[in-house]
Amino acid sequence: MPDTILEGIRFPKDIQSLDFPALEELAEEIRQQMIKTISQNGGHLASNLGTVELTIALHKVFHCPTDQIVWDVGHQSYTHKLLTGRRESFSSIRTPGGLSGFPRRSESPYDAFVAGHSSTSLSAAEGLVRAKQLRHQPGWVIAVVGDGAFTGGMIYEALNNLRPGDRLAVILNDNGMSISRNVGALAGHIAKIRTDPRYFRVKDRVELLLNHLPLVGAPVKELLLGLKRVLRQKLYHSNLFEYFGLEYFGPVDGHNLRQLCDVFQRVKHRPGPVFIHVQTVKGKGYPYAEQSPQAFHGVSGFDIATGNPEVAHYDSYSTIFGKELVALAREDASVCAITAAMETGTGLQYFSREFKSEGRFFDVGIAEPHAATFAAGLAANGMKPVFAVYSTFLQRAVDQLIHDTAIERQHVVLAVDRAGIVGDDGETHQGVFDVALVTPIPGVTVYSPASFEDLRYALRQAVCHSDGPCVVRYPRGSQPPLRAAFAGDYSLYYPENVQAEGFRGITVATYGREASVCEMAADTLGRKDIPARVLRLVRIHPVPEEAMELLAEAEAILFVEEGIQAGGIGEQLMASLCRCGGQDGTRRPPMMELLAIRDRFVPQNTLQGALEGEGLDQPSVERAAERLWQAVCAGNFVGKEAEL
């Protein structure tokens, strides 16, 4: 016999026979399991604690995988994982080879759709519904959408395409938060609904009356329905979701299992589509998370008894960026800052505290495309906007960067946080595509600092001494140790036993966090009598002319890049050097090899484990340099990259 109710749950059907006292006990066991696991592995705590009863009720009433649940975003789905055959492996979540922190179709048939980015669920859910209709398959599709996701435009594009009769339930998980507190007109509309339930009490009474009326004909029923519409208009003037054709249910207490199950049962017998407004408490059941939901949204680990996070007390790239931007804004009143619901995550809390009252800080919600075009509008009228955004979320605004920013050379600065490998957040959050996405855009300048001093320099150059769109990209965490002193747009590092004068050897060209790895590798290579120097690029696009001259004159070049190979800086430079060498036929291009992420998504892992897996750690750099040097000495180097 299992010791706990949770241990007896292998699949959702196992909770069908449980009564409500047992379900409430199950909810408490799930919370304890999540707190224990996330305190060790890190992960999204507050958002998952808030959806425990909601998820239990969904699996009590609906029948997955015939009915399908789409999560927006996936950091609400831990309870779902525990109830769908993954309890025994739950301790592996966010670890190498373990469970993903987000839904994954390859992980379980109960996961209907991947969900690492916000505001995508309703579009995906509509696609699932249409496919069911076309293939004559049974079942509902339920989209569980956090209220913060309703600041994203895709939600409204999907709402506009709903059809009568769609067996689609949209559940608004309303906790008043996205990551930072919700902002904007929609947040106010939802707050108005949840703080004035009079309309919905009367709505239920009218429906009850209609259900018990004798067959007195359509005119009387239409009169009563008209009375209901008048009452709604009197109270709020509108209910946004009903205008899109959704039948509204709620607000519902998201921690009351009886109420949730009752509403879900009612919904199952409606024609659809329906909208269920569920109110939850982010961090429910763990006092520290309830008091500080932002701090416990995504954590690296913490002490359960005290709630103290296991973080080192050091500056990060994010905090250095935030403080330097404050310094620039004090000097120039045209500098302003934009975030897409990531004030603290991007280090803009310092800017917000000092300049929000002046109207120079803007939180637009989870709406990266809007943020990018909004920034272009600010720039068009003389401001200097800095949009701080994670690399993985910048992907959502590439069209706006091309069309709204670059064509007319608007001076917008993108501060791209979490650039490069981020580790345990996995495929959906790795920041390895931004360089390949933005560098082909005409007129874009890109900096990729390897140190805090590099970052301060790059930000000042981008804000104060540039025109057109500028990107300053930097990794998560703190700066690595660097041998080469700061020197502006680029620097050269020679190990102690390598002669700079008349250098003949391998030039290792790199940028960002990999500069430290390459410098340590050069030290080791020097001790093996393999001369190697490191060219650290800070401005990576366009590459400084002096740096290009150094590369063109080099005997052999090893490019090392913590980004996707296709379209990256390494490929661009190799192609350029081959073209230059072949123009007049008098100079052969240098021997070249490239280490980068090759044609795959980087799986979840520790940072060091991911670098090793992608061949970007120090031993991998040393081995590649040794192969290249052997080929140089033999005079017959033919590598995969040499054909470029």
Within-4.5 Å side-chain heavy-atom neighbours: [X] and [Y]:
X	Y	value
I366	M342	no
L558	V560	yes
T405	T373	no

[X] side chain to [Y] main-chain N or O, any donor-acceptor pair under 3.5 Å?
X	Y	value
R539	P542	yes
Q604	P96	no
Q430	V422	yes
S100	P103	no
S121	V70	no
N48	S77	yes
N41	R94	no
E514	T510	no
T392	G431	no
T606	G609	yes

_Check whether Y350 forms a cation-pi arrangement with K323 (NZ or CZ under 6.0 Å from the six-membered ring centre, at most 45° off the ring normal)._
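Flagged: K323 positioned over aromatic ring of Y350.
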*Stepwise side chain to side chain contact (heavy atoms under 4.5 Å, CB included) check, L611 with E562*: CA-CA 8 Å; L611 291 174; E562 191 185 330; 4.3 Å; yes
_Using the rule given for salt bridge (charged side-chain N to carboxylate O under 4.0 Å, His left out), can you reason through E427 versus R104, listing the C-alpha separation, both sets of side-chain angles and the distance that settles it, and then say yes or no?_
CA-CA 10 Å; E427 295 94 328; R104 291 190 63 182; 3.3 Å; yes
*Would you please indicate if the ring centroids of H429 and Y390 are separated by under 6.0 Å?*
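For H429 and Y390, the ring centres are not under 6.0 Å apart.
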*Is the distance between the ring centroids of H44 and F102 under 6.0 Å?*
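That pair passes the under 6.0 Å test.
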Charged N to carboxylate O below 4.0 Å: is that the case for [X] and [Y]?
X	Y	value
R418	D425	no
E626	R623	no
E519	R483	no

*Passes side chain to side chain contact (heavy atoms under 4.5 Å, CB included), Y474 versus V416? Steps please.*
CA-CA 6 Å; Y474 42 91; V416 181; 5.9 Å; no
*Residue pair E546, Y490: steps toward the side chain to side chain donor-acceptor pair (under 3.5 Å) verdict*: CA-CA 9 Å; E546 298 88 344; Y490 73 96; 5.0 Å; no
[X] and [Y]: side-chain donor and acceptor closer than 3.5 Å?
X	Y	answer
D454	Y447	no
R533	Y494	yes
Q479	Y317	no
Q608	D617	no
T346	D417	no
S391	D434	yes
E622	Q618	yes

*List the steps and the verdict of side chain to side chain contact (heavy atoms under 4.5 Å, CB included) for F362 and F387.*
CA-CA 9 Å; F362 307 96; F387 173 28; over 6 Å; no
*Run the side chain to side chain contact (heavy atoms under 4.5 Å, CB included) check on L550 and T507 step by step: do they pass?*
CA-CA 9 Å; L550 286 167; T507 298; over 6 Å; no
*Geometric class of the H117/F393 ring pair [parallel <30°, tilted 30-60°, perpendicular >60°]*: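 Aromatic pair F393/H117 classed perpendicular.
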*Heavy-atom closest contact (L378 atom, I338 atom, distance)*: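 Shortest heavy-atom contact: CD1-CD1, 3.9 Å.
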*Contact summary for W629 and G505, nearest pair of heavy atoms*: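 Between these two residues, the closest heavy atoms are CZ3-CA, 3.7 Å.
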*Going through the checks in order, is the salt bridge (charged side-chain N to carboxylate O under 4.0 Å, His left out) test met by E614 and R598?*
CA-CA 8 Å; E614 303 306 318; R598 297 171 183 265; over 6 Å; no
*Would you check, one step at a time, whether the test salt bridge (charged side-chain N to carboxylate O under 4.0 Å, His left out) holds for E331 with R460?*
CA-CA 11 Å; E331 299 172 11; R460 184 168 290 272; 3.1 Å; yes
*Give the C-alpha distance, both sets of side-chain angles, the deciding distance and a yes or no for side chain to side chain donor-acceptor pair (under 3.5 Å) between Q572 and T439.*
CA-CA 9 Å; Q572 293 178 40; T439 52; 2.8 Å; yes
